[in-house]
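Handing you this structure, nothing more for now.
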Amino acid sequence: MNGVPILLNNKAFTPFHFYSYFLSSVASFYQQYPKEKITFFLIGENEKESFHHSYYFDPITIPLFLSLADQLSKFHSEPISLELYNTHSTNKVLAFLDRSNFFNVSGNYAKPGKNILKFNREFLGFFNANEQRPEHMVRFYSLNEVQSSHNMINVSTPEQQRDLLIEYYTYKVKDHFEDILKESHQSKQVVFDYVQILSELITNGVLHSNSDVYALMFTNREKTCFSISDNGIGLFSSLALKDKQVVNDSYKLFDLYNELLNDIPLNVADKIRQSFFAIFEALYYSILKDRKGLFDLMTTVVLDSNGYFRLHNNNAQIIISLRMFNEIQSLVNMRNLIYENHLKYISKLISEDEFTSAFNKLTLIVRSEFKKLISNIISNYNQDVKYSSIRLYEVRFKGVHIEVEIPKKY
């Protein structure tokens, strides 16, 4: 039986390993066996060889793996086989995955199961007692879930549909993640912002990506991490579907994207350049909105929580941290003015002409600041690829994938 192992001895299955090695192994399988359906093996050794080996499945890699399995099951129109092994060395990993709801979400024997993986349930159960927190569970969010619990047929406009989804997912996010966020020693305002932003991102995922969204939040003594992943149409195509393509007199969608393609050199394949520049088009669009979203998540993680923010789109990933404090702070100052301008207009404190004039000016300033940021990022990449904020990949991982790490404050 041909396939690809997930876990290797003494190699943690982290997001870095997933993007840098695992996806390449999956791509190599399809190049070697183009007519076969892939099989995943929990470990890369047989049961006898693995007895004294060590395996680790990073919790925030679970949404990434499920997103990939979802994509492959759609491609083959049937679940993907997952070969399990319950041995001395794999028992803890299996127990962790089981308690994290991995098998319930991916299998076909529980509601709401996705039926994207096929595995032998006899390997599950009879695990040792464990104090794993019930909040450390992978979640999946689907438009079908909302439609089954709310009468969306009577929702007449896209804006009303969006408001319903925001309300629905705000409740879900608070239920699933708020307790963990509070333990990260964040202020009440920051926790509130996280809830609102995550609700917005999940809504965007199910509404615009044409896929379900997988998410998991995990905390330990040092940090809180979370991961959000979909296997949808990606940032560029999602933006192309927006009803409002002209934001204001100074910006219509893809203005920045086209400028970057034409003006900023990046010596990689076109598909990689397009994936990379689409990330900044999405962040630019986000900074101009009257709702908090992708840009606000990035800056809340980095500036308010001293954390790391990773955003992956198809063939490219950016990693944002306090190393870029000056550039990010400049953009945040602009974002605050834009958001304040929106609030004044919504509250009827300024006229439409006053709002439009200020919005147009701020839009141009922000675009200039974004181009400076991108030029600096690419310059650093050209000088030192290993320690740059860019990761560029030949293998496309379809969709949008976010990982966040927030250190705890004591």
Side-chain angles (χ1 to χ4, degrees), residues 6-20 53-66 88-105 127-139 172-198 201 214-229 297-312 317 319-325 387 389 401-410:
I6 301 171
L7 304 178
L8 301 174
N9 180 37
N10 288 325
K11 288 190 180 294
F13 194 61
T14 61
F16 175 80
H17 181 84
F18 178 89
Y19 290 121
S20 302
H53 286 181
S54 175
Y55 302 104
Y56 178 68
F57 202 127
D58 190 327
I60 63 170
T61 316
I62 291 177
L64 301 176
F65 179 79
L66 289 177
H88 172 76
S89 59
T90 63
N91 184 267
K92 288 184 179 179
V93 172
L94 279 178
F96 164 72
L97 292 174
D98 191 32
R99 294 179 180 121
S100 299
N101 215 32
F102 175 90
F103 297 109
N104 283 342
V105 166
F127 299 122
N128 294 331
N130 186 277
E131 296 181 357
Q132 183 170 317
R133 291 183 54 163
E135 296 95 335
H136 291 170
M137 293 174 60
V138 63
R139 318 281 182 170
K172 287 289 185 180
V173 167
K174 289 181 70 173
D175 183 47
H176 294 164
F177 305 128
E178 190 175 48
D179 286 346
I180 294 179
L181 287 169
K182 287 178 179 177
E183 291 175 22
S184 300
H185 300 269
Q186 307 294 333
S187 69
K188 289 183 179 180
Q189 182 60 49
V190 171
V191 171
F192 176 83
D193 287 343
Y194 273 124
V195 170
Q196 299 304 309
I197 294 167
L198 292 175
L201 294 179
Y214 298 90
L216 183 144
M217 189 172 290
F218 182 88
T219 189
N220 58 28
R221 293 184 64 182
E222 288 79 32
K223 61 186 178 181
T224 295
C225 305
F226 62 85
S227 173
I228 304 174
S229 179
L297 175 63
M298 178 183 76
T299 56
T300 300
V301 167
V302 175
L303 298 185
D304 294 336
S305 305
N306 300 331
Y308 291 86
F309 172 87
R310 299 190 292 267
L311 172 59
H312 186 285
Q317 183 185 61
I319 304 168
I320 306 296
S321 69
L322 280 174
R323 290 168 57 192
M324 301 178 194
F325 176 84
Y387 294 103
S389 301
H401 319 279
I402 299 168
E403 297 106 47
V404 163
E405 295 182 21
I406 304 169
K408 287 191 173 177
K409 300 175 182 177
Y410 293 98

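Here the structure is a predicted model, which means the values were calculated and not measured.
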Give the minimum heavy-atom separation between Phe13 and Phe18, together with the two atoms involved.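 Between these two residues, the closest heavy atoms are CZ-CD1, 3.8 Å.
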
Side-chain contact test, heavy atoms from C-beta onward, threshold under 4.5 Å: evaluate it for Pro15 versus Ile60 and give yes or no.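 Side-chain contact under 4.5 Å: yes.
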
Residue pair Thr299 / Asp304, side-chain heavy-atom distance below 4.5 Å: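 Result no, sub-4.5 Å side-chain heavy-atom pair not found.
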
Are Ile228 and Val404 packed together at the side-chain level, in the sense that at least one heavy-atom pair is separated by less than 4.5 angstrom? no

From CD1 (Ile319) to CG (Leu311), nearest 0.5 Å: 10.5 Å

What pair of heavy atoms forms the shortest contact from Val301 to Tyr194, and how long is it?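 Looks like CA-OH, 3.4 Å.
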
Could you walk me through whether Leu66 and Phe102 pass side chain to side chain contact (heavy atoms under 4.5 Å, CB included), step by step? CA-CA 8 Å; Leu66 289 177; Phe102 175 90; 3.6 Å; yes

What is the minimum heavy-atom distance between Glu405 and Cys225, and which atoms define it?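 That would be CG-SG, 3.8 Å.
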
State, to 0.1 Å, how close Ser89 and His53 come at their nearest heavy-atom pair, and which atoms those are. CB-O, 3.3 Å

Within 6.0 Å of OH in Tyr308, more than 12 heavy atoms from elsewhere: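 12 or below, so no.
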
Non-hydrogen atoms of Lys408 and Glu183 that approach each other most closely: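 Looks like CE-O, 4.0 Å.
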
Mind checking whether Val302 and Met324 have side chains closer than 4.5 Å, heavy atoms only?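 Sidechains of Met324 and Val302: no contact.
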
Which pair of non-hydrogen atoms, one from Pro407 and one from Ser305, has the smallest distance, and what is that distance?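 Closest heavy-atom pair between Pro407 and Ser305: CD-O, 3.5 Å.
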
Euclidean distance, Met217 CE relative to His136 NE2, rounded to 0.5 Å: 9.5 Å

Would a 4.5 Å heavy-atom cut-off, applied to side chains only, mark Phe218 and Ser100 as touching?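 SC-SC contact between Phe218 and Ser100 ruled out.
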
